[in-house]
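Every chain is numbered from 1, with letters handed out A, B, ... down the list of sequences.
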There are 2 protein chains.
Amino acid sequence: MKILVVDDDPDLLSLVGFALTQSGFVVVKAIDVPSALQVFAAESPDLAILDINLPGGSGFDICTAIRRQSRIPVMMLTARGEEEDLVRALDLGADDYLTKPFSPRTLLARARALLRRAGLETGGSMTVGSLRLDLEAHLLHVGAAQPVKLTKLESRLLQILIANAGHVVGTERLLTHVWGHRGSGDRQLLKQLVHRLRQKIEEDPAAPQVLQTVAGAGYRLEEKG
Amino acid sequence: MKILVVDDDPDLLSLVGFALTQSGFVVVKAIDVPSALQVFAAESPDLAILDINLPGGSGFDICTAIRRQSRIPVMMLTARGEEEDLVRALDLGADDYLTKPFSPRTLLARARALLRRAGLETGGSMTVGSLRLDLEAHLLHVGAAQPVKLTKLESRLLQILIANAGHVVGTERLLTHVWGHRGSGDRQLLKQLVHRLRQKIEEDPAAPQVLQTVAGAGYRLEEKG
DNA sequence: CCCGACGGTGACATTTCGGTAACATCCGCT
DNA sequence: AGCGGATGTTACCGAAATGTCACCGTCGGG
């Protein structure tokens, strides 16, 4: 699991780097916007932790750039009392933020939470019940039967559902995870995607057993096989 | 999960109240020391968030009073750069503090952390007597029987009633919690909602055993199973 | 006794929500 | 350019949720 950390303060950078490395993460660092973008492209990390105040740019720029091509979780670091910054960060698609100063333990906990939520801590495949999803090949194995081919979006949807199997995942979260941030109006897309996914994974798509609707809330994947 | 928030600034009070309510907490407020103590006694919240600077007293007094009779987690709010306050707060038994200004998200995160530490985090479900309400899935389990499906509004209503089981909850509070403020004229809505909820949860909806009417005041949920 | 306030109840209107289909458009690939 | 699958758009259906209305009974005070 690779994590990109961007901050212009060397002390903080090494502290955070140490904490993360200790916990078994691979850490890549950058101290300004251009190098951050370069490292991001070169290393394709699984999580980005971005300071907002950077020389010659801001974490927002990086966040925007990352979101244009990726849906990896992004955590922003802000100085205390910069409320507008937070709003903006979340608007740009950041998933979490941390106010300085923070403890390494907090950082670790949040980072883990993000990775777990995004279903990224599993590597290349995820399992629940009799389902096994292969992220790389976009294949879904149901029991011992022939694997089903999924599209990119279907795969993402299933990914977050599996990562949260047994729990309801809210519409908003699903939209963000699958499409990256966008106005909350696009429930239609989700409807369609769910519908199409059901056609592929449900025995009887008209009476879903696996991908359950939770009215007024979101969807839930049954954990049992 | 009920949270007491004490601050003399109405803006901050309503902001915090809104944030917490949105996240499914039941919020009770107070703006000075005497009313805080009174509300604390009447509502027995699970967490207290106290401003330090209050007219006619200080959050310290409240903290002390609370600690005399309860071990619920207490979070103190301080203005920036009042270091001695922090020391004193922690001495008095406060569990955490937050420096103003802070973001709602931070507050939420800390509040959750405190509740978790105190072992009070319920993970989306609440229990009273033989009732168990699953907020996530909008399901109500009655004893060992089949769970009953609730609507969003029914779920919210039951949430605040369960959080206050055994105590009367005023009509006004119910309206605010369920519909998020509107002209006080809408008692009709509440009547209907209660009626519909009774159809689902009462053995004999015409003679309510669980969801009791308290004439001229509001409703009360019986605590015993 | 009548009146009005209040709560309960049933019927009905309206709105919201999810599912589905059909079609349009986009995108990568050859 | 042309193809085929993937994705986005629009429209419609039907059910469920929610809001409105009208009426009933009770209770307590003129």
Side-chain angles (χ1 to χ4, degrees), chain A residues 68-69 71 137-140 148-159 161 168-172 174-175 177-221, chain B residues 137-140 148-159 161 168-172 174-175 177-220:
Chain A
R68 254 201 291 277
Q69 52 183 124
R71 259 150 284 273
H138 297 320
L139 288 178
L140 179 71
V148 186
K149 269 196 68 176
L150 300 179
T151 71
K152 212 175 2 165
L153 294 186
E154 287 163 354
S155 185
R156 281 206 208 117
L157 177 61
L158 206 44
Q159 177 189 11
L161 285 171
V168 178
V169 186
T171 307
E172 213 49 49
L174 294 173
L175 284 174
H177 180 86
V178 176
W179 283 275
H181 207 255
R182 57 166 70 223
S184 49
D186 285 316
R187 325 211 138 193
Q188 188 57 28
L189 293 175
L190 185 55
K191 276 201 318 197
Q192 281 301 331
L193 189 59
V194 167
H195 184 235
R196 282 162 179 158
L197 183 53
R198 275 178 177 156
Q199 300 298 318
K200 294 192 180 178
I201 69 174
E202 294 283 354
E203 195 163 327
D204 176 4
Q209 297 300 304
V210 182
L211 209 177
Q212 301 276 357
T213 299
V214 180
Y219 294 89
R220 177 168 41 90
L221 198 75
Chain B
H138 299 321
L139 289 177
L140 179 70
V148 186
K149 281 186 63 171
L150 301 179
T151 72
K152 224 180 340 175
L153 294 186
E154 287 163 354
S155 193
R156 281 207 210 119
L157 177 60
L158 208 43
Q159 178 190 7
L161 286 171
V168 179
V169 185
T171 307
E172 215 48 48
L174 294 174
L175 284 174
H177 180 84
V178 175
W179 282 274
H181 220 266
R182 54 167 67 224
S184 47
D186 285 313
R187 322 205 139 203
Q188 183 58 27
L189 293 176
L190 184 55
K191 278 202 314 198
Q192 281 299 331
L193 189 60
V194 167
H195 182 235
R196 282 162 180 158
L197 184 52
R198 276 179 176 155
Q199 300 297 318
K200 292 191 181 178
I201 69 175
E202 293 284 354
E203 195 163 326
D204 176 5
Q209 297 300 304
V210 182
L211 209 176
Q212 302 276 358
T213 299
V214 180
Y219 295 88
R220 176 169 41 91

Is it the case that the side chain of Glu202(B) and the backbone of Ala207(B) share a donor-acceptor pair, with hydrogens and angles ignored and the cut-off at 3.5 Å? no

Examine distances only and state if a side-chain atom of Thr171(A) and a backbone atom of Ala217(A) form a donor-acceptor pair shorter than 3.5 Å.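 Checking the backbone N and O of Ala217(A) against the side chain of Thr171(A), a donor-acceptor pair under 3.5 Å is found.
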
Who are the side-chain hydrogen bond (donor to acceptor under 3.5 Å, both in side chains) partners of [X], not counting sequence neighbours?
X         : value
Lys149(A) : none
Glu203(A) : none
Arg220(B) : Glu222(B)
Ser155(A) : His138(A)

Less than 4.0 angstrom between a side-chain N/O of Tyr219(A) and OP1 or OP2 of dG19(C), yes or no? yes

Report yes if at least one side-chain N or O of Trp179(A) is closer than 4.0 Å to OP1 or OP2 of dT7(D); otherwise report no. no

Could you state the atom-to-atom distance from [atom1] of [X] to [atom2] of [N] in whole Å?
X         : N       : atom1 : atom2 : result
Arg187(B) : dA22(D) : CZ    : P     : 20 Å
Asp186(A) : dT7(D)  : CG    : P     : 15 Å
Glu154(B) : dG19(D) : CD    : C1'   : 14 Å
Leu175(B) : dG7(C)  : CG    : C1'   : 14 Å
Leu190(B) : dT20(D) : CG    : P     : 14 Å
Leu189(B) : dA22(D) : CG    : P     : 16 Å
Glu172(B) : dC6(C)  : CD    : P     : 13 Å

Can you pull every protein N or O that's under 3.5 Å from an N or O on nucleotides 26-29 of chain C?
none

Report the distance from atom [atom1] of [X] to atom [atom2] of [Y], rounding to the nearest 0.5 Å.
X         : Y         : atom1 : atom2 : result
Gln188(A) : Lys191(A) : CD    : NZ    : 4.0 Å
Leu150(A) : Ile201(A) : CG    : CD1   : 8.0 Å
Leu153(B) : Trp179(B) : CG    : CH2   : 6.0 Å
Tyr219(A) : Leu211(A) : OH    : CG    : 8.0 Å
Leu157(B) : Leu189(B) : CG    : CG    : 12.0 Å
Leu140(B) : Leu197(B) : CG    : CG    : 8.0 Å

List the residues meeting salt bridge (Lys or Arg N to Asp or Glu O under 4.0 Å) with Lys200(A), not counting sequence neighbours, and say none if there are none.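 Applying salt bridge (Lys or Arg N to Asp or Glu O under 4.0 Å) to Lys200(A) gives Glu154(A).
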
Find every protein N or O atom lying less than 3.5 Å from an N or O atom of nucleotides 26-30 of chain D, and list the pairs.
none

Yes or no on side-chain hydrogen bond (donor to acceptor under 3.5 Å, both in side chains) for Arg198(B) and Thr213(B), after CA distance, side-chain angles and deciding distance? CA-CA 11 Å; Arg198(B) 276 179 176 155; Thr213(B) 299; 2.7 Å; yes

In residues 193-209 of chain B, which residues come under 4.0 Å of DNA chain D by heavy atom? Arg196(B)

Given protein heavy atoms under 4.0 Å, the one-letter contact record of nucleotides 11-16 of chain D, with B base, S sugar-phosphate only and - none, is simply B-----

Degree of bending in the helix from dC1(C)-dG30(D) to dT30(C)-dA1(D) once both end axes are built from five pairs, to 10°: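 The helix from dC1(C)-dG30(D) to dT30(C)-dA1(D) shows an end-to-end axis angle of 30°.
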
Is there any salt bridge (Lys or Arg N to Asp or Glu O under 4.0 Å) pair reaching into residues 204-213 of chain B, and which pairs are they, with sequence neighbours excluded? none

Pair listing, salt bridge (Lys or Arg N to Asp or Glu O under 4.0 Å) test, anchored in residues 206-219 of chain A, at least two apart: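 Residue pairs with at least one partner in residues 206-219 of chain A: there are none.
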
